[in-house]
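Below you'll find the structure, written out as structure tokens, and then a few comments.
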Amino acid sequence: MNALDLFLVGLSQLQANALRSLLTILGITIGVGAVIGVVSIGEGLRRNIVSQFSQVGGANLVIVQPPRTYEVKDGRRVPRAWREYLTARDLAALEGEVNHIQAAYPLVGWNTQVRYQKASATGEVQGTLPGYHQAMDWELDQGRFLSNWDVKTWRRVCVIGDKIAEELFGEMNPVTREVKLNGERYTVIGVMKPRLLFGRDWGRQIVVPVTTLQKRVVGNDYYSVIFVYVENAAHVKSVTQNIEKVLNRLHVHGDAFRVSSGESVLENVDQVTLIMKLVAGGIAGISLLVGGIGIMNIMLVSVTERTREIGIRKAVGAKRVHILIQFIIESAVLSLFGGLIGILCGLGFGFGISYLIEYYSEAEFPSVVSWSAVMLAVAVSGGIGVFFGVYPAARASGLDPVEALRYE
């Protein structure tokens with residue numbers, strides 16, 4: 001009996017006891033399905049974040065933020081006794097003293113109502129500098145972006161997102177029209193194209209010169225954050241260290257400022273993805289163990305049910321090794337079948353979750369099938385069948401033919 005005949009015998013045994021076989025391989029199916037599904041969602045999430053993060057600088061971006069307004073003591077958040085802020089002095093020092101900086105853009109945020117005649121909308125006002133839209137890969141649809149003259153003279157001009165333009169102006173061209181922000185009139189000089197990033201709609205942003213927002217609205221020269229763009233990803237580490245040195249020199253609590261690189265953000269994404277895979281691996285390990293025990297149990301039952309068949313095979317010349325291989329192959333086929341069903345279930349789970357996320361969030365979220373994970377799942381499921389099939393196979397091959405023929 002060749003390997004193909006043994007494989008066909010294994011399939012015939014599955015067909016003869018279809019319901020029992022399906023219930024037996026349920027643990028294998030759940031384990032493999034969990035791995036494939038979670039890995040495909042995790043890899044899709046990682047690629048989605050990396051893709052979107054690359055649009056705002058990716059590994060070349062360094063984010064500088066002021067110290068938090070609180071500190072954690074005894075597990076509780078306690079307000080700090082001091083405050084430190086990012087200012088124009090810090091921006092000038094970074095641009096003047098730190099090498100390999102391509103550009104730096106401060107940002108000051110402020111939420112308000114924007115009005116045009118009787119129409120109103122909620123907007124996120126962002127004060128920044130010229131070139132910010134290019135650094136963020138955010139394209140203009142109409143008009144122009146901020147200029148150096150706008151910043152220097154604190155002009156009351158703004159660039160609005162597509163959602164704000166639609167809600168306030170409808171089919172009209174917003175450029176050169178005046179809107180009210182904080183009770184003051186601002187001239188619309190540009191409209192941005194639609195953009196959705198990290199699930200956040202940029203269409204509600206209103207971009208104004210940072211000096212206008214500081215001098216005319218908030219009354220200080222503080223920045224919420226500074227985005228630093230490095231010339232080359234190879235210089236990110238040295239730039240980050242030099243930024244920290246500058247902040248320590250300029251501030252009493254300079255070491256409390258938060259300086260993080262895009263590379264570290266991507267590393268955190270990889271760590272989260274790894275944790276998801278480990279969780280899936282833990283679920284799979286338990287399920288595969290249960291499935292393997294189930295396979296061993298069903299194969300022992302099969303040996304008992306086919307004792308007379310084994311005796312006949314041995315009586316007509318089948319060797320012990322033939323019986324051993326036959327039952328191991330049957331066990332492996334049973335486990336592989338469960339693995340294949342698990343792969344299909346995992347793919348269905350991954351693509352299903354991806355579809356639901358895209359449907360409800362209206363954002364692209366791919367489910368990436370890792371073929372290495374698929375091959376590993378096939379190999380593991382086959383290995384489980386072989387491992388847990390050895391004992392029943394050894395028991396079957398060790399039966400005495402005479403005693404087996406007497407078995408009723």
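Quick note: residue numbers are just sequence positions, from 1.
The pair E97-R249 meets the salt-bridge criterion, since a charged nitrogen lies less than 4.0 angstrom from a carboxylate oxygen. Taking a cutoff of 4.0 Å between a charged side-chain nitrogen and a carboxylate oxygen, D162 and R204 do not qualify as a salt bridge.
For the pair V64 and V225, the minimum side-chain heavy-atom distance is 4.5 Å or more. At a threshold of 4.5 Å between non-hydrogen side-chain atoms, the residues V191 and L140 do not count as touching. Between L91 and Y223, the closest side-chain pair of non-hydrogen atoms falls below 4.5 Å. Under the 4.5 Å side-chain criterion, counting only non-hydrogen atoms from C-beta, R195 is in contact with D137. Between T122 and Q113, the closest side-chain pair of non-hydrogen atoms falls below 4.5 Å. The side-chain heavy atoms of T69 and R83, taken from C-beta on, include a pair separated by under 4.5 Å. Residues D90 and V246 form no side-chain contact, since every pair of their non-hydrogen atoms from C-beta on lies 4.5 Å or further apart. For the pair R177 and M172, the minimum side-chain heavy-atom distance is below 4.5 Å.
Of the possible polar contacts, one joining the Q214 side chain to the D221 backbone as a donor-acceptor pair under 3.5 Å is found. For R76 (side chain) and E71 (main-chain N/O), no donor-acceptor pair under 3.5 Å exists by modelled atom type. In terms of modelled atom types and a separation under 3.5 Å, the side chain of T187 and the main chain of V157 share no donor-acceptor contact. Between the S335 side chain and the A332 main chain, no donor and acceptor come within less than 3.5 Å of each other. Side-chain atoms of T128 come within 3.5 Å of backbone N or O of P106 as a donor-acceptor pair. A donor-acceptor pair is defined here as one N or O able to donate and one able to accept, closer than 3.5 Å; such a pair exists between the side chain of S40 and the backbone of I36.
Ring pair Y132/F145 is parallel by interplanar angle, where below 30° counts as parallel and above 60° as perpendicular. Classified by interplanar angle (parallel below 30°, tilted 30° to 60°, perpendicular above 60°), the ring pair Y105/Y229 is perpendicular.
For the atom pair CD (Q102) and CG (N60), the distance works out to 8.0 Å, reported to the nearest 0.5 Å. Atom CG of N111 sits about 9.5 Å away from atom CD1 of I206, to the nearest 0.5 Å. Between the CG atom of L340 and the CD1 atom of I28 there is a distance of 11.5 Å, given to the nearest 0.5 Å. The line from NZ of K180 to OG of S120 is 12.5 Å long, rounded to the nearest 0.5 Å. Q65 contributes atom CD, which lies 6.0 Å from atom OG of S260 (distance to the nearest 0.5 angstrom). The CD atom of E124 lies 11.5 Å from the OG1 atom of T112; values are rounded to the nearest 0.5 Å.
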Could you walk me through whether L61 and V230 pass side-chain contact (heavy atoms from CB on, under 4.5 Å), step by step?
CA-CA 6 Å; L61 176 65; V230 185; over 6 Å; no
Walk me through it: do V151 and L129 pass the test side-chain contact (heavy atoms from CB on, under 4.5 Å)?
CA-CA 7 Å; V151 175; L129 297 175; 3.9 Å; yes
Apply side-chain contact (heavy atoms from CB on, under 4.5 Å) to L247 and L86, showing your working.
CA-CA 9 Å; L247 293 174; L86 285 170; 4.2 Å; yes
I'd like to know whether E84 forms a side chain to side chain donor-acceptor pair (under 3.5 Å) with H251, so could you lay out the CA-CA distance, the side-chain angles of the two residues, the decisive distance to 0.1 Å, and finally the verdict.
CA-CA 8 Å; E84 291 268 25; H251 297 272; 2.9 Å; yes
Evaluate the criterion salt bridge (Lys or Arg N to Asp or Glu O under 4.0 Å) for residue pair R144 and D150; output intermediate values, then yes/no.
CA-CA 12 Å; R144 66 173 179 87; D150 296 331; 2.9 Å; yes
Evaluation steps, side-chain contact (heavy atoms from CB on, under 4.5 Å), between W138 and W202:
CA-CA 9 Å; W138 194 16; W202 285 38; 3.6 Å; yes
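Nearest heavy-atom pair across I226 and A104 is CG2-CB, 4.3 Å. Taking every heavy atom of both residues into account, C345 and T29 meet most closely at SG-CG2, 4.2 Å. Taking every heavy atom of both residues into account, W82 and A256 meet most closely at CH2-CB, 3.7 Å. Considering all non-hydrogen atoms of both residues, A93 and L250 come closest at CB-CD1, 3.7 Å.
In E244, the CD atom is crowded: over 12 heavy atoms of neighbouring residues, nucleotides or ligands sit closer than 6.0 Å. Heavy atoms from other residues, nucleotides or ligands lying under 6.0 Å from OH of Y85 number more than 12. Annotation for M375: atom CE does not count as buried by contact number, only 12 or fewer foreign heavy atoms lying within 6.0 Å. For CG of N148, the number of neighbouring non-hydrogen atoms (other residues, nucleotides, ligands) closer than 6.0 Å is 12 at most.
In this structure, the ring of F169 has its center less than 6.0 angstrom from the ring center of Y116.
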